[in-house]
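Atom set for the values below is all heavy atoms of this structure, side chains included, hydrogens, waters and symmetry mates excluded.
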Amino acid sequence: MNDSRQQFNDAVLYILGQIPKGKVTSYGKIAQLAGYPNHSRHVGQVLKHLPNDSKLPWHRVINGQGKISFPKDSAKYQVQSDRLKAENIIPLNDKINMKVYGWPQES
DNA sequence: GAGTTGACGGGCG
DNA sequence: CCGCCCGCCAACT
């Protein structure tokens with residue numbers, strides 16, 4: 001019954017772990033890869049449930065606009081931005097170039 | 001049990 | 001280019 005939900009959750013976590021270092025992806029992309037093209041919001045829901053000490057690179061997930069889905073004044077924003085910068089991912093005007101850092105590779 | 005929310009995305013004006 | 005609206009659907013109140 002609720003297996004589909006659990007499966008979606010598991011798929012998201014798996015994909016999240018497959019994101020190579022120095023690359024980023026969007027919620028919609030993950031949802032699509034998970035087999036649910038329109039569940040972009042739920043991807044965020046899953047990430048929200050992640051523990052703070054999670055080994056998964058949740059910071060490599062941004063929105064389709066190539067921006068961090070947090071208010072600039074938010075602590076989460078600062079952390080994610082700092083982590084991305086630590087992976088040589090430098091956003092321009094608070095926007096990440098998906099053409100360069102995007103994953104999987106878009107054409 | 002019913003209504004609202006949300007780590008989003010895409011379309012329209 | 002920018003802002004508003006609609007859709008999707010589980011989680012939350």
Side-chain angles (χ1 to χ4, degrees):
Chain A
M1 320 195 254
N2 34 14
D3 290 348
S4 57
R5 181 186 65 78
Q6 179 62 46
Q7 189 174 356
F8 173 76
N9 184 294
D10 190 49
V12 171
L13 295 179
Y14 175 76
I15 295 170
L16 186 59
Q18 305 311 113
I19 304 175
K21 179 184 176 186
K23 300 277 183 158
V24 294
T25 191
S26 62
Y27 302 89
K29 219 60 158 203
I30 294 179
Q32 196 170 43
L33 293 174
Y36 295 79
N38 302 43
H39 289 56
S40 50
R41 296 185 105 146
H42 293 179
V43 176
Q45 199 87 16
V46 173
L47 297 186
K48 187 172 84 170
H49 267 253
L50 287 176
N52 299 308
D53 57 352
S54 179
K55 182 65 187 68
L56 296 174
W58 59 270
H59 54 272
R60 293 178 190 154
V61 184
I62 58 178
N63 59 26
Q65 304 170 45
K67 297 190 295 189
I68 298 175
S69 301
F70 286 110
K72 293 177 301 182
D73 57 337
S74 175
K76 295 285 187 77
Y77 181 95
Q78 300 295 338
V79 174
Q80 186 169 6
S81 180
D82 186 59
R83 284 201 178 190
L84 291 176
K85 192 166 63 176
E87 296 190 355
N88 204 28
I89 300 175
I90 311 300
L92 185 59
N93 289 341
D94 298 328
K95 308 178 199 93
I96 298 174
N97 191 336
M98 295 294 288
K99 294 293 185 181
V100 178
Y101 304 104
W103 181 90
Q105 297 188 333
E106 309 178 17
S107 58

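Protein atom CG of A:N93 is 12 Å distant from nucleotide atom P of C:dC1, rounded to whole Å. Put simply, CG on A:N38 is 12 Å from P on B:dG9, counting in whole angstrom units. Atom NZ in A:K48 sits roughly 13 Å away from atom C1' in B:dC8 (whole-Å rounding). Atom CG of A:L33 is separated from atom P of B:dG9 by 13 Å (rounded to the nearest Å). A:I30 has its CD1 atom 10 Å from the P atom of B:dG9, to the nearest Å. Put simply, NE2 on A:H42 is 8 Å from P on C:dC9, counting in whole angstrom units. Straight-line distance from the NZ atom of A:K67 to the P atom of B:dC8: 12 Å, rounded to whole Å.
With rounding to the nearest 0.5 angstrom, the NZ atom of A:K85 is 13.5 Å from the CD atom of A:Q80.
At least one donor-acceptor pair under 3.5 Å links the side chain of A:N63 to the backbone N or O of A:Q65. Checking side-chain atoms of A:T25 against main-chain N and O of A:W103 turns up a donor-acceptor pair under 3.5 Å.
A:H59 comes within 4.0 angstrom of no nucleic acid atom, judged by non-hydrogen atoms across all strands.
Of all the heavy atoms in A:L47 and A:W58, the pair that sits closest is CD2-CB, 4.4 Å.
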